[in-house]
Amino acid sequence: RVWLRAVYEKPVCHCGGRADLFCARRPTLPRDPPVDLGGGGGVLGVAVAFLSPLVMAALIVQRRRPGELSRGERDELYDLDARYYAATDPARFVADLTTKDWVLTLHHGASVVGFSTQALRQHISQSGQALLELFSGDTVIDPAYWGSQALSTGFARLAGRLAREHAPLPIYWLLISKGYRTWRYLP
């Protein structure tokens, strides 16, 4: 417990402590305050940063086509999306979802706790070279599962498969990000 508090209050960073700079060595702790996990013991940890090995092992990522999702599954994805994004509605969500090629869903038991939509498009560069664009659309992970790398591993497997299937075409990842955590995946 003492270590968690010390790390949270004074993170060790090798970029001079500047929050506006990306640093791969910065601790992967959330900027939210520590939370009481119950049991009357005070602050027991940072809930979103440290998942037990049992929870981590229980997380499953599935890759599916949007048309394969049932109405109930689409509603579950929308409910998760609407919890964390403003100015969305079910019709807009479904319309956007149908333009994607895949949905990566993160499951803990029977519950969807995260998802990411993906689209693959072919383009011709100004020099006439064919190339592929892998676009990551809506991506949401319930904060209780932010410490997991399962969804990003599922994305890496999809990107690797596409690179093998479409070699020698170059693939560019088009990513729109609203948070600093996502930038950590960029080289």
Side-chain angles (χ1 to χ4, degrees), residues 28 30 47-125 129-187:
T28 56
V48 296
F50 302 101
L51 296 175
S52 77
L54 292 175
V55 170
M56 296 289 272
L59 295 175
I60 296 172
V61 176
Q62 292 181 334
R63 181 183 66 236
R64 301 181 48 204
R65 299 283 186 175
E68 297 172 354
L69 299 171
S70 70
R71 181 179 173 88
E73 291 169 319
R74 283 193 316 268
D75 290 346
E76 193 173 7
L77 296 181
Y78 171 73
D79 290 344
L80 186 60
D81 189 70
R83 271 186 259 158
Y84 303 103
Y85 291 100
T88 186
D89 61 70
R92 181 182 297 165
F93 178 78
V94 171
D96 181 66
L97 183 63
T98 59
T99 67
K100 302 304 188 286
D101 295 304
W102 299 278
V103 180
L104 302 174
T105 52
L106 179 64
H107 299 266
H108 183 218
S111 301
V112 175
V113 297
F115 73 92
S116 182
T117 61
Q118 307 295 319
L120 185 66
R121 303 293 181 256
Q122 185 167 352
H123 298 281
I124 303 296
S125 70
Q129 178 188 13
L131 59 93
L132 295 173
E133 166 197 287
L134 181 57
F135 172 68
S136 292
D138 293 337
T139 300
V140 180
I141 299 177
D142 185 300
Y145 298 89
W146 279 356
S148 166
Q149 295 300 307
L151 194 60
S152 58
T153 300
F155 170 79
R157 286 184 177 152
L158 172 64
R161 190 191 96 210
L162 294 171
R164 284 188 308 277
E165 289 176 0
H166 297 282
L169 289 178
I171 298 179
Y172 294 89
W173 182 24
L174 178 59
L175 173 68
I176 299 171
S177 175
K178 75 174 189 104
Y180 74 94
R181 287 181 189 93
T182 307
W183 287 101
R184 292 180 175 186
Y185 291 106
L186 298 176

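Within the model, atoms CG of L104 and CD of Q62 stand 10.5 Å from one another, a figure rounded to the nearest 0.5 Å. Taking CG of L69 as the start and CZ of F115 as the end, the distance is 10.5 Å to the nearest 0.5 Å. Here the CG-CH2 distance, from L162 to W173, works out to 13.0 Å after rounding to the nearest 0.5 Å. Once rounded to the nearest 0.5 Å, the distance linking CG of D81 with CG of D89 reads 10.5 Å. Rounded to the nearest 0.5 angstrom, H107 NE2 and L151 CG are separated by 10.0 Å.
With respect to D142 and R83, a salt bridge is recorded, a charged nitrogen being found less than 4.0 Å from a carboxylate O.
At distances below 3.5 Å, at least one donor-acceptor pair connects side-chain atoms of T139 with backbone N or O atoms of G137. Side-chain atoms of T88 do not come within 3.5 Å of backbone N or O of A82 as any donor-acceptor pair. In terms of modelled atom types and a separation under 3.5 Å, the side chain of D101 and the main chain of L120 share a donor-acceptor contact. Put simply, the side chain of E76 gets close to the backbone of V112: a donor and an acceptor are under 3.5 Å apart.
For the pair R74 and F93, the tightest heavy-atom approach, listed with the atom from each and the gap, is O-CE2, 3.8 Å.
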Practice problem: For salt bridge (charged side-chain N to carboxylate O under 4.0 Å, His left out), just list the numbers for R92 and D96, CA-CA rounded to whole Å, side-chain angles, deciding distance to a tenth of an Å, and then say yes or no. | Solution: CA-CA 6 Å; R92 181 182 297 165; D96 181 66; over 6 Å; no
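R64 pairs by the side-chain hydrogen bond (donor to acceptor under 3.5 Å, both in side chains) definition with E73, not counting sequence neighbours.
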